[in-house]
Amino acid sequence: MDSAPQPLLDRLAALAHAAAHRPGATCGCAGGLVGVLADRDDGTVVRHGRLVVKAHAPGTDPEEHRARLALVAHPDLAGVFLPPHTRPAPAALDGRPVTLWPYGPPVDPADPDAAPWEEAARLLALLHRTPPPPGQAARLPEMRAPVKAALAVERMRRTAPAHPAAATVLAAWRSVPEHPAPGPRLLCHGDFHLGQLVRDTGPSATSPATVDPAAVFPAAPSPAAAPWRLIDMDDLGLGDPAWDLARPAAWFAAGILPPEIWSRFLGAYQEAGGPAVGADPWVQLDVPARALTVQTAALALAKSSAEGRPLDEVEDVMIDTCARIAGHRTDSAATAST
């Protein structure tokens with residue numbers, strides 16, 4: 001038996017419909033173009049045609065949210081982030097900020113060979129090289145990647161303290177400095193992975209209230225020809241840009257990301273003038289990559305425990321990598337004490 005629909009989802013769906021069609025218009029959108037794209041603790045996203053409505057996480061700081069939204073809408077970042085839709089959305093639902101965006105086709109998880117690693121690297125390099133727009137630097141919050149790693153460990157401690165692998169993850173976490181050496185303070189995404197990329201197919205900014213609903217969105221360019229853009233502003237801010245490279249670096253170190261793909265990604269970033277790393281990238285990447293390994297492993301334990309299932313193959317690899325990190329730390333400490 002289906003569970004009762006969630007009121008928030010209903011209201012988001014109504015908002016998306018209203019944004020995509022003029023009042024009283026009949027929806028002719030195909031079923032595959034309408035529905036819930038995500039419903040998680042950190043955000044609920046509903047699509048209607050070529051529009052997306054997002055309710056951001058409960059407890060989102062309103063001032064930080066407004067600063068991030070202003071940043072992704074700024075012309076200086078027009079070639080980096082998918083900009084918000086020009087039609088305003090309600091400020092909040094149930095205390096959660098709401099934003100309206102054009103829909104962009106995401107990376108196809110079924111076609112890993114076509115994953116846009118080089119394009120992603122160039123976008124990150126451009127983001128990191130872009131100065132904060134005049135007048136916005138003082139308002140910008142901290143990039144949230146380090147905080148997200150710590151929150152993942154706390155979630156594991158709460159929900160899976162008795163898991164056999166929890167001690168291994170915590171031992172690896174102790175290798176991450178609580179107060180790392182200060183790094184540069186540049187614009188950073190804060191939660192980069194391939195799921196944060198979509199094609200910018202250029203939806204119309206025409207008001208649906210004044211045009212025929214069939215003409216709200218003119219013919220879009222072919223998705224295959226549209227440029228890639230970053231999405232998800234929730235962790236955006238100022239910080240050390242090495243954290244934006246940390247997840248691919250952690251996957252490479254764990255053996256999940258093939259060396260040739262890592263080389264393509266890192267090489268494209270460096271060729272584009274990315275400032276996060278120097279001649280030896282691991283000088284800057286070591287600590288963030290360890291933290292992202294722990295974060296991934298901690299979330300794996302929390303989620304698998306909540307779902308009552310064993311770890312999958314990739315999750316097992318991340319636990320094994322935590323064991324290597326913890327073992328390396330132990331070996332280093334023993335060497336230092338002799």
Side-chain angles (χ1 to χ4, degrees), residues 109 112 115 117 120-121 124 144-178 180-181 183 189-196 235 240-266 269 276-277 280-307 309-336:
W117 287 105
L124 289 175
R144 296 188 69 249
V147 171
K148 289 175 72 74
L151 289 174
V153 173
E154 288 307 310
R155 178 176 172 182
M156 181 195 72
R157 283 181 166 135
R158 290 195 314 272
T159 61
H163 195 287
T168 299
V169 176
L170 291 174
W173 180 238
R174 287 192 289 271
S175 79
V176 178
E178 185 174 355
H189 183 278
D191 187 28
F192 170 73
H193 51 81
L194 289 182
Q196 308 288 32
D235 303 304
D240 183 348
W243 285 83
D244 280 348
L245 278 60
R247 186 175 271 105
W251 290 349
F252 165 67
I256 295 171
L257 189 67
E260 60 272 17
I261 294 180
W262 168 247
S263 295
R264 284 166 40 202
F265 173 77
L266 183 62
Y269 179 84
V277 295
D280 178 359
W282 291 98
V283 172
Q284 289 83 23
L285 292 176
D286 177 59
V287 168
R290 276 187 275 145
L292 262 292
T293 300
V294 173
Q295 175 181 325
T296 304
L299 289 177
L301 296 191
K303 291 177 180 179
S304 64
S305 295
E307 296 163 7
R309 61 168 177 83
L311 296 173
D312 63 28
E313 184 178 357
V314 171
E315 291 168 338
D316 271 329
V317 169
M318 300 311 291
I319 300 298
D320 290 344
T321 306
C322 283
R324 294 205 309 272
I325 291 172
H328 177 74
R329 177 180 181 272
T330 302
D331 292 345
S332 299
T335 300

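Along the sequence shown, residues are numbered consecutively beginning with 1. Nothing here was measured: the structure is a model prediction, and the numbers come from that model.
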Minimum heavy-atom separation for Gln295 and Lys148, please, with both atom names. OE1-C, 3.7 Å
Whether over 12 other heavy atoms sit under 6.0 Å from Glu178 CD: no
Look only at the side chain of Asp244 and the backbone of Phe192, and say whether a donor-acceptor pair between them is shorter than 3.5 Å. no
Can you find a heavy atom in the side chain of His163 that is under 4.5 Å from one in the side chain of Met156? no
Within the structure provided, determine whether Thr293 and Met318 are in side-chain contact (heavy-atom separation under 4.5 Å). yes
Approximate separation, where rounding is to 0.5 Å, of Arg247 CZ and His189 NE2: 10.0 Å
Which heavy atom of Trp282 sits nearest to which heavy atom of Ala289, and what is that distance? CZ3-CB, 4.0 Å
For the CD1 atom of Ile325 and the OG1 atom of Thr168, what is their distance to the nearest 0.5 Å? 11.0 Å
Side-chain heavy-atom pair Thr296, Thr321 within 4.5 angstrom cut-off: no
Using a strict threshold of under 4.0 Å (side-chain N to carboxylate O), is an ion pair present between Asp286 and Arg290? yes
Assess whether atom CD of Glu313 is packed by more than 12 heavy atoms of other residues, nucleotides or ligands within 6.0 Å. no
Is any side-chain heavy atom of Leu299 closer than 4.5 Å to a side-chain heavy atom of Arg155? yes
Is there a side-chain contact between Leu245 and Pro288, using heavy atoms and a 4.5 Å cut-off? no
Could you tell me whether a side-chain N or O of Ser304 sits under 3.5 Å from a main-chain N or O of Leu301, the two making a donor and an acceptor? yes
Looking at every non-hydrogen atom in both residues, tell me the closest pair between Leu194 and Ala115 and how far apart they are. CD1-CB, 3.7 Å
Please lay out, stage by stage, how Thr159 and Lys303 fare under the test side chain to side chain contact (heavy atoms under 4.5 Å, CB included). CA-CA 9 Å; Thr159 61; Lys303 291 177 180 179; over 6 Å; no
Apply side chain to side chain contact (heavy atoms under 4.5 Å, CB included) to residues Leu170 and Arg157 and explain how you reach the verdict. CA-CA 9 Å; Leu170 291 174; Arg157 283 181 166 135; 3.5 Å; yes
Search all heavy atoms of Leu311 against all heavy atoms of Ala300 and return the closest pair with its distance. CD2-O, 3.9 Å
Are any non-hydrogen side-chain atoms of Phe252 and Ile261 less than 4.5 angstrom apart? no
Measure the spacing between CG of Asp235 and CH2 of Trp243 and express it to the nearest 0.5 Å. 12.0 Å
Please find the pair of heavy atoms, one from Gly190 and one from Ala145, that lie closest to each other, and give the distance. O-CB, 3.3 Å
Closest non-hydrogen atom pair, Ala172 against Ala326: N-CB, 3.9 Å
With a 4.5 Å cut-off on side-chain heavy atoms, are Trp117 and Pro248 touching? yes
Within-4.5 Å side-chain heavy-atom neighbours: Leu124 and Phe265: yes
